[in-house]
Amino acid sequence: MEILKGLAEQVAIQYMKKTAETAGNATCLRDKCGSIIVKENKIIGIGFNSPPYNLESQRRCNNNKSEYDEKVKDKTCCIHAEQRAVMDALIYNKDLLVNSALYFTRIDATGNIIISGEPYCTICSKITLDSGIKEFVLWQDKRIVVYNTEEYNDLSFKYKKHD
């Protein structure tokens with residue numbers, strides 16, 4: 001994990017603002033999330049959370065998660081912003097993702113960035129790692145934190161909800 005400072009932090013803040021704009025496109029009824037993938041200072045993929053293929057017939061935002069069988073491991077209601085950003089970049093060229101950085105954020109109802117918690121989503125940690133993305137960037141506790149995707153994946157699997 002690396003905490004960004006100086007110019008690197010300022011650049012990351014600009015990318016986080018773009019990520020927040022992208023989150024404004026989310027149609028999920030629970031969370032508004034956005035992701036962008038950056039390589040060599042160019043945005044190569046964008047994503048926001050909403051039902052698969054944006055189909056209203058697939059919306060599960062209001063479903064009670066406890067009603068799902070225990071075999072259903074992913075109880076989220078929508079395609080994750082990270083997943084959409086990876087798929088968006090893959091449309092152009094798989095090799096484009098190698099050594100890139102994924103930025104992720106949530107926004108509140110007024111479009112302000114919500115500070116991220118600890119890494120916990122194993123679905124997104126696996127897809128970023130498998131696609132060759134090098135870094136996973138979050139805004140945590142008034143600072144921008146960069147995780148190597150292998151570290152992010154390990155932390156996601158170790159996550160324990162704090163009461």
Side-chain angles (χ1 to χ4, degrees), residues 1-26 28 30-52 65 72-108 112-163:
M1 175 179 78
E2 175 188 2
I3 298 170
L4 297 182
K5 296 178 181 165
L7 181 59
E9 179 184 33
Q10 294 305 311
V11 169
I13 288 170
Q14 293 307 309
Y15 285 133
M16 283 295 185
K17 288 179 180 179
K18 178 65 176 169
T19 303
E21 288 174 25
T22 301
N25 296 317
C28 180
R30 290 184 179 195
D31 268 330
K32 303 287 185 206
C33 301
S35 287
I36 62 170
I37 301 174
V38 177
K39 183 174 181 178
E40 298 171 357
N41 296 314
K42 181 180 176 193
I43 296 173
I44 61 169
I46 63 170
F48 53 87
N49 59 330
S50 50
K65 293 180 181 185
V72 178
K73 299 301 181 201
D74 176 20
K75 294 179 174 54
T76 56
C77 55
C78 292
I79 297 291
H80 295 197
E82 301 93 324
Q83 292 169 310
R84 280 191 195 257
V86 168
M87 290 185 290
D88 185 50
L90 286 174
I91 289 169
Y92 302 105
N93 180 347
K94 181 190 184 304
D95 294 332
L96 200 58
L97 286 167
V98 175
N99 293 320
S100 61
L102 183 138
Y103 291 74
F104 170 83
T105 197
R106 283 183 175 78
I107 59 172
D108 63 19
N112 294 312
I113 293 174
I114 298 172
I115 300 301
S116 297
E118 299 172 43
Y120 69 89
C121 182
T122 58
I123 292 165
C124 293
S125 69
K126 289 185 291 186
I127 195 170
T128 54
L129 182 61
D130 193 52
S131 65
I133 293 172
K134 182 179 180 180
E135 300 171 331
F136 205 112
V137 186
L138 300 173
W139 199 327
Q140 297 178 316
D141 302 323
K142 299 180 183 178
R143 60 188 187 189
I144 306 289
V145 180
V146 178
Y147 294 91
N148 172 286
T149 50
E150 189 171 350
E151 175 188 21
Y152 190 93
N153 190 54
D154 288 341
L155 290 170
S156 295
F157 276 95
K158 293 175 184 173
Y159 177 81
K160 300 281 187 218
K161 185 176 180 178
H162 303 288
D163 293 324

Close side-chain approach of [X] to [Y], heavy-atom, < 4.5 Å:
X      : Y      : answer
Ile13  : Trp139 : yes
Arg84  : Ser50  : yes
Val137 : Tyr15  : no
Glu150 : Leu129 : yes
Pro119 : Tyr147 : yes

Check: [X] side chain, [Y] main-chain N or O, donor-acceptor pair, under 3.5 Å:
X      : Y      : value
Asn99  : Lys134 : no
Lys32  : Ala26  : yes
Glu151 : Met1   : yes
Thr19  : Thr105 : no
Asn49  : Cys78  : no

Which pair of heavy atoms, one from [X] and one from [Y], lies closest together, and at what distance?
X      : Y      : answer
Asn153 : Ser125 : OD1-OG, 2.6 Å
Leu96  : Ser100 : O-CB, 4.4 Å
Thr76  : His80  : OG1-NE2, 3.0 Å
Asp88  : Gly45  : OD2-CA, 3.3 Å
Ser131 : Val86  : CB-CG1, 4.1 Å
Glu135 : Ile133 : O-CG2, 3.3 Å

Exercise. Using the test side chain to side chain donor-acceptor pair (under 3.5 Å), find all partners of Asp108 that sit at least two apart in sequence or belong to another chain.
Key: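 Once residues adjacent in sequence are excluded, the partners of Asp108 under the side chain to side chain donor-acceptor pair (under 3.5 Å) criterion are Thr110.
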Straight-line distance of [X] [atom1] to [Y] [atom2], nearest 0.5 Å:
X      : Y      : atom1 : atom2 : result
Gln14  : Lys18  : CD    : NZ    : 12.0 Å
Gln140 : Glu118 : CD    : CD    : 8.0 Å
Tyr152 : Lys126 : OH    : NZ    : 13.0 Å
Ile37  : Leu102 : CD1   : CG    : 5.0 Å
Glu82  : Cys33  : CD    : SG    : 7.0 Å
Ile144 : Glu2   : CD1   : CD    : 11.5 Å

